[in-house]
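Below is one structure; the comments refer to it alone.
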Amino acid sequence: MINFAVWLVVGAVIGCVAGLLMRDEEDQGVVVNVLVGVAGALLAGWLVAPTIGLKVLNPKVFNMGALAVALAGAVALLAVVGFVRRARRAKSR
């Protein structure tokens with residue numbers, strides 16, 4: 001349970017960082033960035049990290065590789081959400 005809480009906090013921070021990296025003219029807002037960042041960090045932590053040999057759910061192991069994977073997941077998910085929002089906005093015009 002503590003691992004899940006740690007990933008939520010780390011995901012929130014990573015979501016803010018990913019939002020800063022992905023900033024464009026139509027910023028999605030801090031709340032969306034944090035929520036999508038948490039989702040991206042969790043998905044990347046659970047799905048991607050084990051496939052490349054990183055142990056992210058071990059409370060004694062919290063390494064920079066796991067953080068990099070979480071950041072990449074957050075940035076990727078923010079990019080997808082941004083793309084979907086722009087496509088919907090363009091379609092409604």
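Linking ILVMFWY residues whenever their side-chain heavy atoms come closer than 4.5 Å, directly or via other members, places Leu71 and Val32 in the same cluster. Hydrophobic clustering places Val17 together with Val36 (ILVMFWY residues linked when any side-chain heavy atoms are closer than 4.5 Å, directly or through intermediates).
The two residues Val69 and Ala44 come nearest to each other via the heavy atoms O-CB, 3.4 Å.
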